[in-house]
Amino acid sequence: MTEKRSTADYLAAGSQLVVVRDKANATGADDVEIFVIVSADGRVTAFNGHVDLGTGIGTALGQIVAEELDVAFPRVTVVLGDTERTPNQGPTIASETIQVSAKPLARAAATARAVLLARAAERLDIAAGDLTVTDGVVTAGARTVTYGELIGQERIVLRIDMAAPLKPVSEYRVVGQKAARVDLPAKATGGLVYVHDVRVPDMLHGRVVRPPYAGVDVGDFVGTSLIDVDQSSIADLPGIVAVVVIGDFIGIVAEREEQAARAAERLRVTWKPIPHLRDLTDIPTALRENPSTPRELVHRGDVEVTRAGVAQPMDRTYVWPYHLHGSIGPSCSVADCQPDRLTLWSGTQNPHMLRADLAKLMAMPEARIEIIRLQAAGCYGRNCADDVGGDAALLSRAVGRPVRVQLTREQETAWEPKGTAQLMEVRGGLDATGDVASYDFSVRYPSNGAPLLASLLTGVVPPVPMVFTMGDRTAIPPYSYGALRATAHDMAPIVRASWLRGVSSMPNSFAHESWIDEAAAAAGVDPIAYRLRYLEDPRAVDLVRAMADRVDWVPHTAPGTLGGEGDILRGRGFAYAVYVHGQFPGVPAAWSAWVADVEVNTATGDVALTKITVGQDSGLMINPAGVQHQIHGNVIQSISRVLKEEVTFNQIAVETKEWGGYPMITFPEIPPIDVLMMDKPEEPPLGVGESASVPSAAAIANAIYDATGVRFRELPFTPERVLAGLQAAGVAQAKPPAALAAPAKPAKPRGFWAGLGIGLAGLVGIGTLALPIRSAIAPISGIDPTLYSASTIAKGKTLAALGDCAVCHTAEGGQPMAGGLGLETPFGTVFSTNLTPDVKTGIGAWSFDAFRRAMREGIGRDGRHLYPVFPYDHFTKTTDADLEAIYAYLMAQTPVGSATSANKLAFPMNMRPLMAGWNALYLKTGAFQPDTARSEIWNRGAYLVEGLGHCSSCHTPRNALGAELASQRYAGGVAEGWEAPALSTLSRAPIPWSEGELFTYLRTGFSPLHGPAAGPMAPVIHELQALPDEDLRAMAHYLASDLPPVTPEAEKAAIATADARNATALLPSAGPGGRIFQGACAVCHAPTAPPLFGVKPNLAFNSNLHSDRPDNLIRTILRGVPKPAIADLGSMPAFGPVLSDSQIADLVRFLRRQYAPGRPEWADLDKTISRLRETSTHISQ
Amino acid sequence: MRPVTLCVNGSEQVLVLADDTPLLFILRNDFGLNGPKYGCGLGECGACTVLVDGVAARACCLPVGLVEGREITTLEGLGTAENPHPVQAAFIAEEGAQCGYCLNGMIMTVAALLARDSQPSDNAITEALRYNLCRCGAHVEILRAAKRAVQMTAQR
Ligand code: FES
Ligand code: FES
């Protein structure tokens, strides 16, 4: 486990030299923050209040300390960001670590070195200036002394000397060299303990259930919307320790993680209706209407006057969407709350701020709260890492034991404070010579610090709008325009939003750098030359020129110079920015410039990046390898944001909950990246964590313009947006929408017993005329199963499996064959009966005659009619010998006492005698009669399929009285709400079924040319595993006997078509539904995806996509395939809880168009989806 | 709940579990393994990747009942910091991670790739990793690491 040494522990140790600083409000000599400890054993420990967000700052800080102390880098350990032992240096934001917080650390190391050298000088009796130090060994001529010897047994405490001399750059040996990342060996072998991996003794597992207003934290409904938590909804689940409800905060604590997770999914919660959100599909209007306060940041000249006189007005609006931080690991925290003390293991970016928040939430003094900071998934700003700490603290307090809370993907995604949308407006213009005369810039940035969620949900902090003035980063363009004004319209968030990499600067620079490109084009000047007119900062000018050289920039004054071929147009765009961070006016981090090379497909709107060249002036680079890594990371993350990313909303909340709906860049999309690092070792080091993101959007927009002559001012540059823009500008032909057949009227569900009502009157008539109530068969007192041979019992077991006895006669989680499963019918629920040989409640009192009569005629032992949901109309075909074997098997089971629940049927269906009428009409009793004209295998197949197998009871449509339509055998039916596809020539399978594929399907539950068994077919296949190959072959032979033969050529052609459909399904231009497919489905359904445990059902072969009804497809998406027929098939997760109805509709529409292009669109998808969702269990927010 | 026998990194354990428990929870909570990570629970990101009988599997949505009796290998089962598997060594050498949360998935996916094709083309590597997400943008270094792993495997 993580060691828990506090500042006091560190200070108390002997044989060490400690460099400290007094705390801001120090209460005594020991109230200090430690920066560096040099131990007599040669180890060095450095402390920094910032945290490693996965950017490798631990390595760079270690290099700085090693350098100033003159020790080898591996000796240094860096401790980051715990409240108990690191200095409070504020949150790790704005690339400040190296630029700001490394300074005292360097001085601390220098302080230590100076004192150690003075001691050495004394010991060796030589002037300090004549000493040299190598790896902690001080040398004067032949004599040496080590730091360890100089410290000895002493406990030396020094205050930082901010005047301690630092080394000149020319003497650097460690800084500026590549240092291997110290954390990777452990990370690559599972040895590093992330916050997710913290395990403490006696720890329980927690999950939270969030309110429906996902991602919204302002408004009086926040914290006050809960109506009821129905604890009985999870009463049957094991392991639940507590359900904690405070205001709108709901948490569940359980012994095991899966128990907590299951309970959180199942818990039934009722919420008040939630007010509608501002319409965020129209960001400009939403941001203009959000109340704001203007704050003028700069005003040079008079923009009003100059603007009035411009020769060429250029007013432009640029729009930035909501983005996710998108940590790959949803936030997690462990809390141990004892009456006098709270310990929190956290991945927070701001341990000291979180401690203050927790003090408020828990009404506990800060001094009693310790935060142990561990690494988490890269966050690039404020994600839910703090929120989950509050959740864990509340749950731990409730149960008095340590609790680990893991947020789900959906919760992290929906609730993380988003990188905010932003609106940038420029009122500007050029004078007659093409110079910028006026530039009046304004920005709207609705974001704040995102108060701790648990505090809002519990009402500890009021959900009132709060304004953070963070929209001003790089709001002032880096150009010396004639008249210039920049105004930040400070505003509260609309949805939870907080800082994200390149905070406000990245959007602001998108506007500045797009606008100057537009101005250059309007002025007829090369874009780089035009920028250089207005760029005064010499380091910026150096960088821009170096970049132009690097890419052999060819000056041009109009788009289209790079040409293209066919639908492809090529372009190259430039952008430059300096990321200004911190409180306004802020400080600049590294300078950055981009050249983006793109290919735009004018037929699809797809923008492919062919190369990114990025230049950066970071001043002195502590670890150049680390800087390069950071630049790559920034480039990749930012192109993902610019091309692909956008959070979507529904009327009340965030809609985006997983990666299908929020696609991020994937490996095949990564362009070559060329990095130019300016060599400026004599300049102070600058933050490199964010700068290279900042010019991205404009560079790409400028490249698209260069390729096409069309300007895009709103992100992301998705194929749909680009295509629409190109079409509007006449660059691309607007294509008539692909000719699709008119939406099909959904066929009426032809379910089992569906429409039975229509025929009821008639049935009543027949029932009263037909056979009277049948007589009972005398009960027996049970039989001795040993009367039957083991082989008969074994045979019976196989036949019972074929008949699916256990499928219907076993309740969810119940004893096999003990009955109790509710079978839904349109008229109510029929409960299956107990088939175990229990005399009272099962069939123990049934003689074989009674059993045979039930199987043949549908009459119970007591003479009552059974309902034909029990397929005795098929079982009747079974031979006596087989019936007896089944009887023997059933009687040999262990008896289970389990009374059958009363059926819940409405009148007149509750009148069993009516079934006599039904039987008179539709039941042909008697064992199977072979067709002598047919082969033996055919007859065997027919016996199995039509008898016990009762295949047609699901796969044949039924009439108004619920009987199979003899004229439409195997034309497709319904089972438990699922469509049982046609097995006749009416089959919609893209490749017709062959005997071979039918056999493979029955044997393995999967046919590569058709797909896997799912829904109610999965348990059927599961049971069929008991049958020998010959029987399944016979069934396949019989079922295929009426089907046209499949020629190898036809099969080949169908496979080729399928391959083509699969290939285009992965293109970026597949649209929103296609992107969900790519992000959520393709990993298992694209034939090109790498093998994963389980099968890869090829959707191009799936008949569900060709059906008249989308039900099977939608059901599978909503609920997944949790229990496959056979383990080898693998399972599919349920997407119902994470995809909205409209996302599923997009996906289903895409799948239909993509894989069944000749078929009409499904109508009323939204209604069907919400209907099918209703029938599923509780869906967590 | 029933006793389920699991074989993880060569050692066997019998646990009383519900069949539908995701394998990931068992590996992390019962076997105490840190390698496989929870990222999405939906099979979308790859952070939870393990090998089942040598084939990659996404443990977050793999019901434990399906892997009973099969050989499960996690990141820890590949190698150790002192004696890393060639794929692990390649990722360390090329610094194929920033925060490293996705690293388990990347390493396991490349290990699974090399197990079925010891000399994959660059394109095959990219396609094999297509469904593994990395938010930190460590893709360049990850691809380099994967290519180094191919070379190291060839030299063995
Ligand atoms: S956590 Fe398993 S794929 Fe994301
Ligand atoms: S390194 Fe952070 S997610 Fe890949």
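This structure is a prediction, so every number in the text was calculated from the model and none was measured. Reminder, nothing fancy here: chain letters follow the sequence lines and each chain counts from 1.
Neither the backbone nor the side chain of A:Thr413 comes within contact range of chain B, judged by heavy atoms closer than 4.5 Å. The part of A:His205 that comes within reach of chain B is its side chain, from C-beta onward, which places non-hydrogen atoms under 4.5 angstrom from that chain. Proximity to chain B (any heavy atom under 4.5 Å) is shown, for A:Leu1066, by both the backbone and the side chain. Proximity to chain B is absent for every atom of A:Glu412, based on heavy atoms less than 4.5 angstrom apart. Only the side chain of A:Ile673 has a heavy atom closer than 4.5 Å to any heavy atom of chain B. Contact annotation for B:Leu78: neither backbone nor side-chain heavy atoms come within less than 4.5 Å of a heavy atom of chain A. If you measure heavy-atom distances from A:Leu1092 to chain B, the contacts under 4.5 Å come from both the backbone and the side chain. Looking at B:Asn104, neither its backbone nor its side chain comes within 4.5 Å of chain A, counting heavy atoms on both sides. At a 4.5 Å heavy-atom cutoff, the contact between B:Leu103 and chain A is made by side-chain atoms alone. Only the backbone of A:Pro1122 comes within contact range of chain B, with heavy atoms under 4.5 Å apart. Only the side chain of A:Ala1086 comes within contact range of chain B, with at least one heavy atom under 4.5 Å from a heavy atom of that chain. If you measure heavy-atom distances from A:Leu1129 to chain B, you find no contacts under 4.5 Å at all. Proximity to chain A (any heavy atom under 4.5 Å) is restricted, for B:Leu17, to the side chain, taken from C-beta onward. If you measure heavy-atom distances from A:Pro1124 to chain B, the contacts under 4.5 Å come from the side chain alone.
A salt bridge links A:Arg256 to B:Asp30: at least one charged side-chain nitrogen sits closer than 4.0 Å to a carboxylate oxygen. Taking 4.0 Å as the cut-off between side-chain N and carboxylate O, B:Arg135 and A:Glu645 count as a salt-bridged pair.
Looking at every heavy atom in both residues, A:Leu407 comes nearest to B:Tyr38 through O-CE2, 3.5 Å. B:Cys136 approaches A:Tyr380 most closely through the heavy-atom pair SG-OH, 3.0 Å. Across every non-hydrogen atom of B:Gln98 and A:Lys187, the tightest pair is O-NZ, 3.5 Å. In terms of heavy atoms, A:Pro1091 sits closest to B:Arg116 at CD-CZ, 3.2 Å. The minimum heavy-atom distance linking A:Pro1090 with B:Ala128 is given by the pair CG-O, 3.4 Å.
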Exercise for the section: Go through B:Lys37 and A:Ile328 one step at a time and tell me if the side-chain contact (heavy atoms from CB on, under 4.5 Å) criterion holds. Expected result: CA-CA 10 Å; B:Lys37 294 271 185 274; A:Ile328 290 297; over 6 Å; no

If you apply the rule side-chain contact (heavy atoms from CB on, under 4.5 Å), what do you find for B:Arg28 with A:His196, and how did you get there?
CA-CA 10 Å; B:Arg28 295 183 51 82; A:His196 303 75; 3.8 Å; yes

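Within 6.0 Å of the CZ atom in B:Arg130, the count of heavy atoms belonging to other residues, nucleotides or ligands exceeds 12.
Taken from OH in A:Tyr194 to CG in B:Asn34, the straight-line distance is 10.0 Å, to the nearest 0.5 Å. A distance of 8.5 Å separates OG1 of B:Thr21 from CD of A:Gln259, quoted to the nearest 0.5 Å. Atom CG of B:Leu23 and atom CD of A:Glu258 lie 11.0 Å apart (nearest 0.5 Å).
When the candidates A:Gly1094, A:Ala186, A:Ala188 are compared by the number of heavy-atom contacts under 4.5 Å with chain B, A:Ala188 comes out ahead. Residue with the most contacts toward chain A among B:Pro36, B:Ala57, B:Ala112: B:Ala57 (heavy-atom pairs, distance under 4.5 Å). Here B:Leu42 is the residue among B:Val55, B:Val52, B:Ile26, B:Leu42 with the most heavy-atom pairs under 4.5 Å with chain A.
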I'd like a table of donor-acceptor pairs (distance under 3.5 Å, sequence neighbours excluded) in which one partner is a side-chain atom from residues 138-148 of chain B, with atom names and distances.
residue, atom, partner, partner atom, Å
B:Glu141, OE2, A:His632, ND1, 2.6
B:Arg148, NE, B:Glu94, OE2, 3.0
B:Arg148, NH2, B:Glu94, OE2, 3.4

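B:Tyr131 has its side chain out of reach of A:Cys1084: every pair of non-hydrogen atoms, C-beta onward, lies at least 4.5 Å apart.
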